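Input: a single structure, listed below in structure tokens.
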Amino acid sequence: MPPAVRCETARVSTPRPYDLVLFGATGFTGGLTARYLARHAPSTLRWALAGRNPQRLEEVRDGLAGISPAWRDLPLLPADTTDPGSLRRLAASTRTLISTVGPYVHHGEPVVAACAEAGTDYLDITGEPEFVDLMYVRHHEQATRTGARLVHACGFDCVPADLGVHFTVGQLPVGVPITVDGYLRAWGVPSAGTYRTVLLVLARRRGAATAARARRRAQPMVEPRRVRAGAGRAGRSAELGHWVLPLPSLDPAVVRHSATALDRYGPDFRFRHHLALRLPLVVGAVAGVAALAVLARVRPVREWLLRRAAPGAGPTAEQRARGWFVFRFVGVGGGRRVVTEVAGGDPGYDETAKMLAESALCLALDDLPPTSGQVTPAAAMGEALTARLHRAGITFRVLS
């Protein structure tokens with residue numbers, strides 16, 4: 001669907017005290033995002049921290065003051081996902097709101113609803129397809145009317161894939177059919193929050209399918225263009241020298257929505273998503289995911305597994321320092337073949353915090369195309385966010 005025209009009237013006529021608010025700064029990823037902003041946000045940025053626990057927010061602020069004394073009086077705002085009034089006040093106070101309060105299918109909708117109503121730009125790091133589809137069905141039209149941009153999946157899910165494909169398409173001729181294959185290699189230690197989210201996504205596959213059908217009914221078709229995206233096929237990639245597996249994540253759906261919104265992807269676009277592994281890891285990955293998918297659907301077992309991971313816990317700085325990801329893309333179109341790469345450090349946390357913070361700064365400060373409603377990172381920010389991330393150390397390059 002082509003991006004809707006952005007409504008600026010409410011935004012311009014209603015000054016707000018903050019450019020950006022981070023909701024969920026006391027959590028693991030929220031804390032990393034707060035520290036990234038403390039190090040890299042311009043001194044003129046009007047920003048604040050929000051959450052339900054004032055004492056823990058003060059502890060986070062004390063840590064940020066150690067990074068820069070400029071933040072010792074950073075405002076702290078009360079907000080709770082169970083208190084709609086507090087969320088309405090929070091959304092009305094800022095131009096851009098980051099939420100790191102998940103799992104989003106349980107805690108995310110009240111924040112999205114408040115932002116859609118207030119005309120406030122919203123960002124999160126969800127990897128939950130059910131949540132993204134439900135938020136489109138329930139809040140896209142309202143956000144389009146108010147001028148809010150609702151941008152989900154602004155972390156490792158799904159910025160490298162979405163911007164990587166966008167970058168690759170930009171190297172190919174205009175107005176031709178295009179195919180892109182993506183191959184991900186990565187290493188990192190998951191946090192308790194990620195572990196809990198994976199279990200919930202596996203357990204809610206039926207709900208995700210229902211939400212996807214509801215979105216297909218609600219979202220207009222893009223005649224006469226054709227757009228397809230999904231998991232790839234298992235096999236051995238001669239180009240990479242690795243075995244590849246289909247990667248059933250949120251990435252293909254986000255890429256598909258970007259391709260639907262942007263004519264630059266051509267009249268006939270197809271994306272396939274793969275995970276590249278060495279053979280022993282392929283066997284372990286298939287067995288592990290299959291077992292977890294079965295166990296996650298048995299409620300007593302799932303609850304026992306969830307109790308094994310305390311919310312807020314995550315990998316140490318030393319573990320994160322060893323993390324890395326490389327996303328290789330092979331694009332073909334108009335008689336040309338191009339190979340590109342997006343690469344960075346710890347995928348789940350340090351780089352996710354960087355992607356989320358830079359996305360928020362991009363929405364709050366940069367001159368961007370007119371969009372509103374639920375939009376993808378590529379459709380909302382595209383080249384501006386790619387440039388920000390490249391300057392921040394996540395590389396985008398053409399290999400051949």
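Model, not experiment: these values are computed from the prediction. Residue indices begin at 1 and follow the sequence shown.
A 4.5 Å side-chain heavy-atom check between Val132 and Leu250 finds at least one atom pair inside the cut-off. Taking 4.5 Å as the limit, some side-chain heavy atom of Ile67 sits within range of a side-chain heavy atom of Arg35. For the pair Val165/Phe269, a side-chain contact is recorded, criterion being any heavy-atom separation below 4.5 Å from C-beta on. Two residues are said to be in side-chain contact when any heavy atoms from C-beta on lie closer than 4.5 Å; Leu49 and Leu77 fail this criterion. Looking at heavy atoms from C-beta onward, Glu128 lies out of side-chain contact with His152 at the 4.5 angstrom threshold.
The environment of Gln171 atom CD is dense: over 12 non-hydrogen atoms of other residues, nucleotides or ligands sit within 6.0 angstrom.
Taking the six-membered ring where the residue is Trp, the centroids of Phe271 and His273 are separated by under 6.0 Å. Side-chain rings of Phe156 and Phe325 approach one another, their centers coming within less than 6.0 Å.
Ring geometry for His166 against Tyr265 counts as tilted: the plane angle lies between 30° and 60°, on a 0 to 90° scale.
Taking the ring axis of Tyr18 as reference, the NZ or CZ atom of Arg46 does not stay both within 45° of it and closer than 6.0 Å to the ring centre.
Considering CG of Leu399 and CD of Glu341, their distance stands at 5.0 Å, rounded to 0.5 Å.
Note on Asp73 versus Arg61: no salt bridge recorded, every NZ/NE/NH1/NH2 to OD/OE distance being 4.0 Å or above.
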